[in-house]
Amino acid sequence: MSDARWALIEPVFTEWRSGRTGPGVAARVHDLREIVNAILYVNRTGIPWEYLSHDFPPHKTVYDYYAKWEADGTTGRVHDLLRDKTRRAHGRVAEPSAAVVDAQSVKISANVAESSQGPRPADRAPRKAAASWPAA
């Protein structure tokens with residue numbers, strides 16, 4: 001990650017780390033930037049955590065940070081920060097004013113009756129019995 005990119009998100013992670021002090025908190029051994037770089041590497045390459053290169057901190061440590069950041073909303077804060085900066089850079093309001101809902105998400109929503117879910121709800125409707133012809 002470039003210095004400029006790290007400068008954008010570093011305050012979020014520094015604030016997170018500063019809030020984790022006191023008894024029972026392990027000593028800080030790994031650089032947060034290296035942790036973030038390792039997470040981005042896993043994301044970019046799609047490799048399992050266990051195959052993380054030895055150039056990075058241990059995979060269990062990296063995953064532990066990632067899991068904590070996901071659980072407490074830190075990754076969401078970074079996402080929101082970068083989205084807001086990008087929108088402002090393009091002359092737009094920081095908060096989005098619209099959302100897109102795709103049709104597939106709506107079809108499998110928990111709020112839609114099960115009988116109407118699926119690619120062809122008409123196929124799920126009960127069929128009428130075929131008319132019987134009078135015997136000749």
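Side chains included, hydrogens not; waters and symmetry mates left out as well; all remaining heavy atoms used.
Using modelled atom types, no side-chain atom of Asn37 and backbone atom of Phe56 make a donor-acceptor pair closer than 3.5 Å.
Heavy-atom neighbours of Arg87 CZ from other residues, nucleotides or ligands within 6.0 Å: above the threshold of 12.
Using a 4.5 Å heavy-atom cutoff, the side chains of Ile39 and Trp69 are in contact. With contacts defined as side-chain heavy-atom distances shorter than 4.5 Å, the pair His90/Thr86 qualifies. When side chains are defined from C-beta on, Trp6 counts as touching Phe13, because their heavy atoms get closer than 4.5 Å. Side-chain contact between His59 and Pro48 is absent, with no heavy atoms from C-beta onward closer than 4.5 Å. A 4.5 Å side-chain heavy-atom check between Tyr41 and Ile47 finds at least one atom pair inside the cut-off.
With values rounded to the nearest 0.5 angstrom, Leu52 atom CG is found 8.0 Å from Thr45 atom OG1.
Closest approach of Val62 to Pro57, counting heavy atoms only: CG2-O, 3.7 Å. Leu32 approaches Thr14 most closely through the heavy-atom pair CD1-N, 4.2 Å.
Using a 4.0 Å cut-off between a side-chain N of Lys or Arg and a carboxylate O of Asp or Glu, Glu15 and Arg77 qualify as a salt bridge.
Qualifying side chain to side chain contact (heavy atoms under 4.5 Å, CB included) partners for Lys68, counting only residues two or more places apart in sequence or in other chains: Trp16, Arg20, Asp64.
Screening residues 33-55 for salt bridge (charged side-chain N to carboxylate O under 4.0 Å, His left out), with sequence neighbours left out, gives Asp3-Arg33.
In this structure, Tyr63 and Tyr66 have tilted ring planes: the angle between them lies in the 30° to 60° band.
Linking Ile, Leu, Val, Met, Phe, Trp and Tyr whenever their side-chain heavy atoms come within less than 4.5 Å leaves Ile35 and Val29 in two separate clusters.
Applying side-chain contact (heavy atoms from CB on, under 4.5 Å) to Val78 and the options Thr75, Leu82, Leu81 leaves one that passes, Leu82.
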